[in-house]
Every structure is written in structure tokens, then in C-alpha cells.
Amino acid sequence: MVTDAEWARLRRDLRFGQVFKGTVVRVPRPGAIGIFVDVGLSVGGFVDVVMLPAESEDWPVEGTVADFEIWWADSHPQIRLKPSDSRFLRNDFAAFVERWRPGWPSDIGRPVRDLEPVTLDESRSASRSDGTSASAS
């Protein structure tokens, strides 16, 4: 676990949309919460279920090496990622972004900073590509 000071220092060098080659290290409850990714930093990476395909069998499995982009990082020492490979990204990503993070395209390349986060309830209620909510997956 990194200290708050280490996390603050690391965050200064991170940019939204920054791409890391990462290895999927854990898929704890396929279809339920998301995947953990090692991107070679002192903090872990995580891809939330709302970023992944509706069908968990389409998710990357443990050991998969792929490119991931920084989607979010706040005071919690963890980098939220989105898959760069469209095979591992929700099918309706463009519509998702338009609804939940319309500023995303302009955030790419900007320093990671504390933005107004989407609440867990907002995130979970985001519509999936198959029309079900994320919590129904």
C-alpha cells in the first residue's frame, strides 16, 4: 500500500487517456465487479464492470496482456482504467461516455486531478449495451 504522499506524487505524472500495457491479475466475480490489472506502478489498476462487455465471457481473463487507458484517479490510491481494445470494452461506449462523462474527449491528455466523481449508484445504474443495468449483469 502506498502512502498518501506517494500517491499524490505518482498522480502528478499521470494523464487521462494515458495508455499502459497491463496484465489482468484478478477477475474476482466475473460479471459482477470488474477486473484488476497490474500496469507496473506501485498502485493497482481496476476496470469497473460498467466499462466491460455485458457478457462476462467476453471479458479478458487472468493473464491477458492488453493496453489500458487511465479513465479516472482520485484520492483513493488506485487507477481506474478502460480497455483500449474494443473487444474488452462495453459495446455502447460512445453512448455511455455521452451520458456519464461527456467531457471525456477533452480530458484526454490532461493531468489526473480530483474531478466530481460519478457516484457508485450513478455508475451502477448506467445502462448496459443489452439494456440491463450493470447491477443486473
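- Atom CD in E69 sits 6.5 Å away from atom CD1 in I108 (nearest 0.5 Å).
- With contacts defined as side-chain heavy-atom distances shorter than 4.5 Å, the pair L41/L14 qualifies.
- Side-chain contact between P111 and R15: present, with at least one pair of heavy atoms (C-beta onward) separated by less than 4.5 Å.
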Under the side chain to side chain contact (heavy atoms under 4.5 Å, CB included) rule, what do R26 and E62 come out as? Steps first, then yes or no, please. CA-CA 6 Å; R26 206 166 113 218; E62 289 181 14; 4.2 Å; yes
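- Hydrophobic cluster membership is shared by L81 and W72, with clusters built from Ile, Leu, Val, Met, Phe, Trp and Tyr side chains linked at under 4.5 angstrom.
- Between G31 and S56, the closest heavy-atom pair is N-CB, 3.4 Å.
- Results of the ring-ring contact (aromatic ring centres under 6.0 Å, His included) test with W71 over W100, F20, F16, F93 single out F93 as the only residue that passes.
- Between R87 and D58, none of the side-chain N atoms (NZ, or NE/NH1/NH2) sits under 4.0 Å from a carboxylate O, so this pair counts as no salt bridge.
- The 12-atom threshold is not exceeded at CD of E98, counting heavy atoms of other residues, nucleotides or ligands nearer than 6.0 Å.
- The CE atom of M51 sits 10.5 Å away from the CD1 atom of I35 when rounded to the nearest 0.5 Å.
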Check the pair W7 / V43 against side chain to side chain contact (heavy atoms under 4.5 Å, CB included), numbers first and verdict last. CA-CA 8 Å; W7 176 228; V43 296; 3.6 Å; yes
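- Both V24 and V49 are part of a single hydrophobic cluster, where members link through side-chain heavy atoms under 4.5 Å apart.
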Quick one, V27 with W59, criterion side chain to side chain contact (heavy atoms under 4.5 Å, CB included). Give me CA distance, side-chain angles, the key distance, then yes/no. CA-CA 9 Å; V27 184; W59 292 16; 4.0 Å; yes
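- Looking at every heavy atom in both residues, P105 comes nearest to V97 through CD-CG1, 4.4 Å.
- Closest approach of P77 and V2 over heavy atoms only: CB-CG2, 3.7 Å.
- The CZ atom of R9 sits 8.5 Å away from atom OG1 of T3, with the distance rounded to the nearest 0.5 Å.
- Here the side chains of V37 and V25 are not in contact, with every heavy-atom distance at 4.5 Å or above.
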Let me see the working for R90 and V50 under side chain to side chain contact (heavy atoms under 4.5 Å, CB included), right down to the final yes or no. CA-CA 7 Å; R90 63 182 294 140; V50 301; 4.0 Å; yes
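- Exactly one of D67, D38, D85 qualifies for a salt bridge (charged side-chain N to carboxylate O under 4.0 Å, His left out) with K21. That residue is D67.
- The CZ atom of R101 sits 10.5 Å away from atom NZ of K82, with the distance rounded to the nearest 0.5 Å.
- Under the 4.5 Å side-chain contact rule for hydrophobic residues, I33 and F88 do not share a cluster.
- Transitive grouping of hydrophobic side chains (ILVMFWY, heavy atoms separated by less than 4.5 Å) brings F96 and L89 into a common cluster.
- How far CG of D92 is from CZ of R99: 10.0 Å, rounded to the nearest 0.5 Å.
- Salt-bridge annotation for R80 and D74: absent, with no side-chain N of the basic residue lying under 4.0 Å from a carboxylate O of the acidic one.
- Following chains of ILVMFWY side-chain contacts shorter than 4.5 Å, one can reach V47 starting from I70, so the two form part of one hydrophobic cluster.
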